[in-house]
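Structure record follows, encoded as structure tokens.
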Number of protein chains: 2
Amino acid sequence: MPKDTFFNLPKEKQERIIEAAIDEFATHPYHLARVTVIAEQAGIAVGSFYQYFADKKDLFKYLMGLLVEKKLSYINSDMVKNQDKYDFFQLLREVYLSGIRFAKDNPRLLPIGLMLANDKALYREIFGEYEDQSAAFFQHLLEYGQAQGAIDPAIDPKITGKMLTGMLYSLTDFIVEDGKFDPDDMAIIDRMLYFIENGLKKR
Amino acid sequence: MPKDTFFNLPKEKQERIIEAAIDEFATHPYHLARVTVIAEQAGIAVGSFYQYFADKKDLFKYLMGLLVEKKLSYINSDMVKNQDKYDFFQLLREVYLSGIRFAKDNPRLLPIGLMLANDKALYREIFGEYEDQSAAFFQHLLEYGQAQGAIDPAIDPKITGKMLTGMLYSLTDFIVEDGKFDPDDMAIIDRMLYFIENGLKKR
DNA sequence: CATGAATATGAATTCATATTCATATGAAAC
DNA sequence: GTTTCATATGAATATGAATTCATATTCATG
């Protein structure tokens, strides 16, 4: 958690620091990201940085918190609250689309999450022993779908949850990388969802 | 490329160095992997390391070459040579299964590839401007499948190629991580392939 | 054996960064 | 206007590698 001094700062200054941090962490793996550069970019002295944060990790953790919060804000909250009103494929679709909306609006944030996902030691330091959250989420969704009778009962929820996560990562990555892809044209994405749906559906 | 001195070394010593390097790179992201530790582990002096390799990257590139070579060796070579004898789903299945066999036999190598895949700057240094090889491979496979009439023509080969790659990564990762999973029992994997097949098939 | 070229060695150097700290600044309180 | 406290600063320090280099050792060859 950042120190009080950080939260006492004018919002504008806080934001400058956060923006600078995003820039640096988005373009460098955690261990290569430089506090010096963040401070300079934000227009503060290096010493000040340490008035605000205990250390580099402190800032990074805080940043990840913001990121998770922001990402969650993209999921239609009604769907979260009243999951049972929706069928499995509606929910799956919403998760994918929210992930894609998030990626579209926040392309700079994606690499940060990706890099973290691949540095397991770091991941553990930040999130503790939690398993991969999104894989677990998909897993539950699949179990729910099987209970509903919508999903082929022969599907293994755990491994399939992992795969749905991997696919979502690939998809968002693709959308961000391939700049020419127009995310407002959801046709291709719908086709991918259709592909998944066909694969999972009970027949 | 390592220097001649390296290749002049007795095979046994070469192997000790390679093994030590695998250990270090498998457990640390590239930039945190320490030459010192590799040398110590291999039982050579740090100075010797620089008699064999220009620098850390030189060793890493070489290692990646070995890794790619090894991975390719797992693909049934007849299937590569006579691709047209096989239908799309047979080929896809072979690619997945070979990936899984490789993962099963070489669990230590996987994290190295994964880490590289996620450090795009490094990836480019190692492989140049090549696109992601496996995504491209899947893409061609899909185009072939569409030409054959086996694959839904509405599927976008590029994005789907990316997703198949992501899924294969997730799958191998799962298999290695979750130690209790018995890879000889291919039932679950078959079900995943069945899932993919159902999703892609032209109806 | 003697010789020199190739190889081995690890201490010394360099370099890039995180972090600390003594000091300066400024604003509120009296 | 002085005191006090919080905040700001960037030069100094600490750290942790990568890489170099002067020296020692090995080994093939005459």
Side-chain angles (χ1 to χ4, degrees), chain A residues 1-18 20-64 112 115 119 121-122 125-126, chain B residues 1-64 115 119 121-122 125-126:
Chain A
M1 242 328 89
K3 301 179 186 174
D4 283 343
T5 37
F6 176 73
F7 293 112
N8 293 339
L9 252 33
K11 269 272 166 304
E12 183 273 323
K13 197 169 190 178
Q14 288 185 28
E15 260 161 38
R16 255 188 300 138
I17 296 170
I18 294 302
I22 291 175
D23 273 346
E24 183 68 1
F25 283 118
T27 49
H28 301 83
Y30 176 76
H31 300 283
L32 291 191
R34 291 147 307 176
V35 170
T36 337
V37 171
I38 295 173
E40 189 181 10
Q41 255 277 335
I44 62 170
V46 188
S48 303
F49 180 92
Y50 287 90
Q51 304 282 16
Y52 307 147
F53 304 97
D55 50 28
K56 182 160 91 165
K57 192 158 68 190
D58 188 24
L59 163 62
F60 189 69
K61 274 189 189 175
Y62 177 63
L63 205 58
M64 290 312 295
I112 305 180
M115 281 169 186
D119 187 336
L122 185 62
E125 283 192 70
I126 305 294
Chain B
M1 247 316 96
K3 302 177 183 174
D4 284 343
T5 38
F6 176 74
F7 294 110
N8 294 339
L9 253 30
K11 267 276 166 300
E12 183 272 323
K13 197 169 192 175
Q14 288 185 28
E15 260 162 38
R16 256 188 300 138
I17 295 170
I18 294 303
E19 286 303 307
I22 290 174
D23 273 346
E24 182 68 2
F25 284 118
T27 50
H28 300 83
Y30 176 76
H31 300 283
L32 290 192
R34 291 148 307 176
V35 170
T36 337
V37 170
I38 294 173
E40 189 182 9
Q41 256 277 334
I44 63 170
V46 187
S48 304
F49 180 92
Y50 287 91
Q51 304 280 16
Y52 307 147
F53 305 96
D55 50 27
K56 182 161 91 166
K57 193 158 68 190
D58 188 24
L59 163 61
F60 188 69
K61 273 188 189 176
Y62 177 62
L63 203 58
M64 290 311 297
M115 280 169 187
D119 187 335
L122 185 60
E125 283 191 70
I126 306 294

Audit row: B/Y50, B/V35, side chain to side chain contact (heavy atoms under 4.5 Å, CB included) steps and yes/no: CA-CA 10 Å; B/Y50 287 91; B/V35 170; 3.9 Å; yes
Sequence neighbours excluded, the answer for side chain to side chain donor-acceptor pair (under 3.5 Å) partners of B/D23 is B/R108
Across all chains, not counting sequence neighbours, the side chain to side chain donor-acceptor pair (under 3.5 Å) partners of B/K13 are none
What residues 3-25 of chain B contributes to the DNA chain D interface at heavy-atom separation below 4.0 Å is none
Taking every heavy atom of A/A20 against every heavy atom of A/Q41, the minimum-distance pair comes out as CB-CB, 3.6 Å
Between B/P2 and B/Y62, the two heavy atoms sitting closest are CG-CG, 3.6 Å
Ordered by number, residues from residues 34-41 of chain B within less than 4.0 Å of DNA chain D (heavy atoms) are B/R34, B/V35, B/T36
Sorted by chain and residue number, the ring-ring contact (aromatic ring centres under 6.0 Å, His included) partners of A/F53 (sequence neighbours excluded) come out as A/F6, A/F49
Next item on the list: Remember a base hit wins even if backbone is also touched, and classify B/A33 as base, sugar-phosphate or nothing at under 4.0 Å, heavy atoms.
Entry: sugar-phosphate
Sorted by chain and number, sequence neighbours left out, salt bridge (Lys or Arg N to Asp or Glu O under 4.0 Å) with A/E40 holds for none
Describe the nucleic acid contact of B/Y52 in one word from base, sugar-phosphate, nothing, applying a heavy-atom distance below 4.0 Å.
sugar-phosphate
Sequence neighbours excluded, the answer for side chain to side chain contact (heavy atoms under 4.5 Å, CB included) partners of A/P29 is A/L32, A/M115, B/H31, B/D119
Quick note, salt bridge (charged side-chain N to carboxylate O under 4.0 Å, His left out) partners involving residues 26-36 of chain A, not counting sequence neighbours, are A/E24-A/R34
Double-helix bend of the helix from C/dC1-D/dG30 to C/dC30-D/dG1, axes at both ends from 5 pairs, round to 10°, gives 10°
Chain A vs DNA chain D, heavy-atom contacts under 4.0 Å, first-to-last nucleotide span, 5' to 3', is D/dT7 to D/dG10
Here the gap from B/M1 atom CE to B/L59 atom CG, rounded to the nearest 0.5 Å, amounts to 11.0 Å
The complete set of salt bridge (charged side-chain N to carboxylate O under 4.0 Å, His left out) pairs with one or both residues in residues 42-52 of chain A, sequence neighbours excluded, reads none
The complete set of salt bridge (charged side-chain N to carboxylate O under 4.0 Å, His left out) pairs with one or both residues in residues 48-64 of chain B, sequence neighbours excluded, reads B/K57-B/E125
Please report the C-alpha distance between B/I22 and B/E19 in whole Å, then the side-chain angles of each, then the deciding distance to 0.1 Å, and finally whether the side chain to side chain contact (heavy atoms under 4.5 Å, CB included) criterion is met. CA-CA 5 Å; B/I22 290 174; B/E19 286 303 307; 4.1 Å; yes
